[in-house]
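Here is the structure we will look at.
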Protein chains: 2
Amino acid sequence: MADLARIAGVSKITVSRALSDSPLVNEKTRERVREIARQHGYKLNVSARNLRLRRSQTVAVIVEMKPSADRAMWHPYPLILLGGISQELTSAGYSVVLTTRGSKAPAAQAADGMILLGQGAREDAVHQFDRWHMPMVVWGAPGENEAHITVGSDNRRGGAAAAERFLAMRRHRPLFLGNPDYPELRERLAGFSDALGRHGIEPQVLVLGAFSPDAGYEAVRKLLSKRVRFDAIFAGSDLLAMGAVRALIEAGRRVPEDVSVIGYDDVPMAAQFIPPLSTVSQNWQEGGELLARKVLALIEGQPAQSEMLPSTLVVRAT
Amino acid sequence: MADLARIAGVSKITVSRALSDSPLVNEKTRERVREIARQHGYKLNVSARNLRLRRSQTVAVIVEMKPSADRAMWHPYPLILLGGISQELTSAGYSVVLTTRGSKAPAAQAADGMILLGQGAREDAVHQFDRWHMPMVVWGAPGENEAHITVGSDNRRGGAAAAERFLAMRRHRPLFLGNPDYPELRERLAGFSDALGRHGIEPQVLVLGAFSPDAGYEAVRKLLSKRVRFDAIFAGSDLLAMGAVRALIEAGRRVPEDVSVIGYDDVPMAAQFIPPLSTVSQNWQEGGELLARKVLALIEGQPAQSEMLPSTLVVRAT
DNA sequence: TTGAAAGCGCTAACAA
DNA sequence: TTGTTAGCGCTTTCAA
């Protein structure tokens, strides 16, 4: 900038003003400076500007990644959340700084705000990041982190919707498939159990480690071989549900006549599955957008509140 | 840092050294300084450090996003590419700065390197970013951008593999389903056509706008109603292929006896589909990791070359 | 409409 | 082992 100033025969500050479209500079001067900048391939030093302005136009998105084991955050669906976040922030002139918890990468600290996703949104993580004293929004179940602004989908309601559907179909031996160690699944199961409990029904719970179709397939196969009786399955994810359906069909059970199946997420394949899968739909993209809008509000000093996204049961064939 | 120095009774630089684990500082001094920093909730100003060190420990990932229409980059599979990138960069102590082309967000300019993804990797985009003079790696088909380091999967080989399979099955009326405006699909079609051409067979090409199962379903339904004859379908994506299979089955055609179908991508559902879908597998995750490793190499001044990831045909039931 | 001075918070180079 | 000096490149006062 000093060089440009010398070449243009003006002062540094005039160059700065010209390049940032300040009204404090003469039209002609501005054009001349800009032309010179272009010719010389000048590129603004963003770090210097950030230092001076005390902001980076950046929001850190922090996801969990245990080194090897659980890469849940990199599964396709949570990533769509990131798509929503990015879309919203980008159009507001912010960039997303993507980091994983525990990384030594420093850039996240320079951000103007922070979004916590995935397992990273646990209590301990929240406290850890609290010390950074920056606007923070958390994805997950509100109430767990009363002190923080939370956006999440209504997993409890989704579980209840599945239960109500089974009740309407007069199913009395429902089964829950999934790992309630994940807070989302715990909520889904809670909503499911509560709604059933009000009619004196208690679901069986089959704890599964993975979310994959194979896990669902194997689990149901084992149940069938052990002659466990059930007439309805509520799966913690669509992939699990699809695996379950495959196992049922292979074993000669009719879906939904013998066993009704409801999944969770409404992935694009759910509608194309044969038979088309009934499932609880949640809009990840929108969740991402909402998270982004909340941090932006906080960054600009406006108030913001926790919010829960609706989950709706989509009844298809199963 | 000046405050900490005063409190600890040392100089600023000693604080700096203590906090950055420099060997130039006495063990005791270091501990004392760190303790004081902790007590006072000190947080390093990363912008200042970036300015001073002339680096940001950041890699910009630039994706395409036409405002409303084509959000292809936010589809699940390209996002996995991002997962791979992020994983690799994070473990090297870098953060990912996610921006879309055309965004006014400044943070990307401060990055130490750049990865261009999606439609953004077209010629014009590449030239636009060339002016930033930073290490750059592009996702796509090598050869298109000779001048730049490119990582991509071998779409041409994938198309050829599908063709070879059909030839081995003695199919003589193959059909290609997909939109060759996308460079990847163009390559897949090229490989497919070339391999067939060597046996005197020319595939029919059905250009489809979308990648969705519905698009595949509708397209095949129309073909069947027009009594177009074909005995093999190579679809540009698994979702398309699944839609096609559904249409075939509904119309009473047997898969693969009457019509063999091969998809592309090997999405997790492909193996669970009924019937399990044959498809060309490409490893997005690994592609992302490779992209990341190449930029890191460039950033550290090491040489790097373009590279093509293998695509392999996975033969299942269709 | 332009400019001079000051300083954002950090670390490399050099000196003690 | 510690400290002094200087300066990274920018923009906000304040003055002309």
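Below, chain A is the first sequence line, B the second, and so on; all start at residue 1.
- Between the P atom of dG9(D) and the CZ atom of Arg55(B) lies a distance of 15 Å, rounded to the nearest Å.
- Distances from the side chain of Ala48(B) to the nucleotides dG9(C), dC10(D), dG3(C) place dG9(C) closest.
- Residues Glu35(A) and Arg38(A) are paired through a salt bridge, judged by an N-O separation under 4.0 Å between the basic side chain and the carboxylate.
- Between Arg54(A) atom CZ and dT13(D) atom P the separation is 12 Å, expressed in whole Å.
- The nucleotide whose nearest atom lies closest to any side-chain atom of Leu24(B) is, among dA12(C), dC10(D), dT1(D), dT1(D).
- The interatomic distance linking Arg17(A) (CZ) with dT1(C) (C1') rounds to 9 Å, in whole Å.
- The nucleotide whose nearest atom lies closest to any side-chain atom of Leu51(B) is, among dC10(D), dG9(C), dG3(D), dG9(C).
- Checked by atom type, the side-chain pair Gln282(A)/Asp265(A) shows a donor-acceptor distance below 3.5 Å.
- Closest to the Leu53(A) side chain, of the nucleotides dC10(C), dT12(D), dT1(D), is dT12(D).
- Of the possible donor and acceptor atoms, one in the side chain of Ser306(B) sits under 3.5 Å from a partner among the backbone N and O of Thr150(B).
- Comparing dG3(C), dT2(D), dT11(D) by their closest approach to the side chain of Val25(B) singles out dT2(D).
- In this structure, of dA4(C), dC10(D), dG3(D), it is dC10(D) that holds the atom nearest to the side chain of Tyr42(A).
- Checking the phosphate oxygens (OP1, OP2) of dT2(D), a side-chain nitrogen or oxygen of Thr29(B) falls inside 4.0 Å.
- With rounding to whole Å, Glu27(B) atom CD is found 16 Å from dT2(D) atom C1'.
- Listed for the Asn155(A) side chain is a donor-acceptor partner under 3.5 Å among the backbone atoms of Ser153(A).
- A close approach under 4.0 Å does not occur between any side-chain nitrogen or oxygen of Ser16(B) and OP1 or OP2 of dC10(C).
- In terms of modelled atom types and a separation under 3.5 Å, the side chain of Arg101(A) and the main chain of Ile62(A) share no donor-acceptor contact.
- Taking atom CD1 of Ile13(B) as the reference point, atom C1' of dC14(C) lies 12 Å away to the nearest angstrom.
- The shortest distance between the side-chain N/O atoms of Arg49(A) and the OP1/OP2 oxygens of dT11(D) is below 4.0 Å.
- Neither OP1 nor OP2 of dC8(D) sits under 4.0 Å from any side-chain N or O of Arg52(A).
- As a whole-Å value, the separation of Leu44(B) CG from dG9(C) C1' is 9 Å.
- Between Arg30(A) and Glu27(A), at least one side-chain nitrogen of the basic residue sits less than 4.0 Å from a carboxylate oxygen of the acidic one, meeting the salt-bridge criterion.
- The distance from atom CG of Asn26(A) to atom P of dG3(C) is 11 Å, rounded to the nearest whole Å.
- In this structure, Thr14(B) reaches the dG3(D) phosphate: one of its side-chain N or O atoms is under 4.0 Å from OP1 or OP2.
- When distances run from any side-chain atom of Met1(A) to the nucleotides dT12(D), dC10(D), dA12(C), the shortest one goes to dC10(D).
- Val10(A) comes within contact range of the sugar-phosphate backbone alone, with a heavy-atom separation under 4.0 Å but no base atom that close.
- Comparing dG3(C), dC10(D), dG9(C) by their closest approach to the side chain of Asn45(B) singles out dG9(C).
- For the pair Lys12(A) NZ and dG9(D) P, the computed distance is 10 Å after rounding to whole Å.
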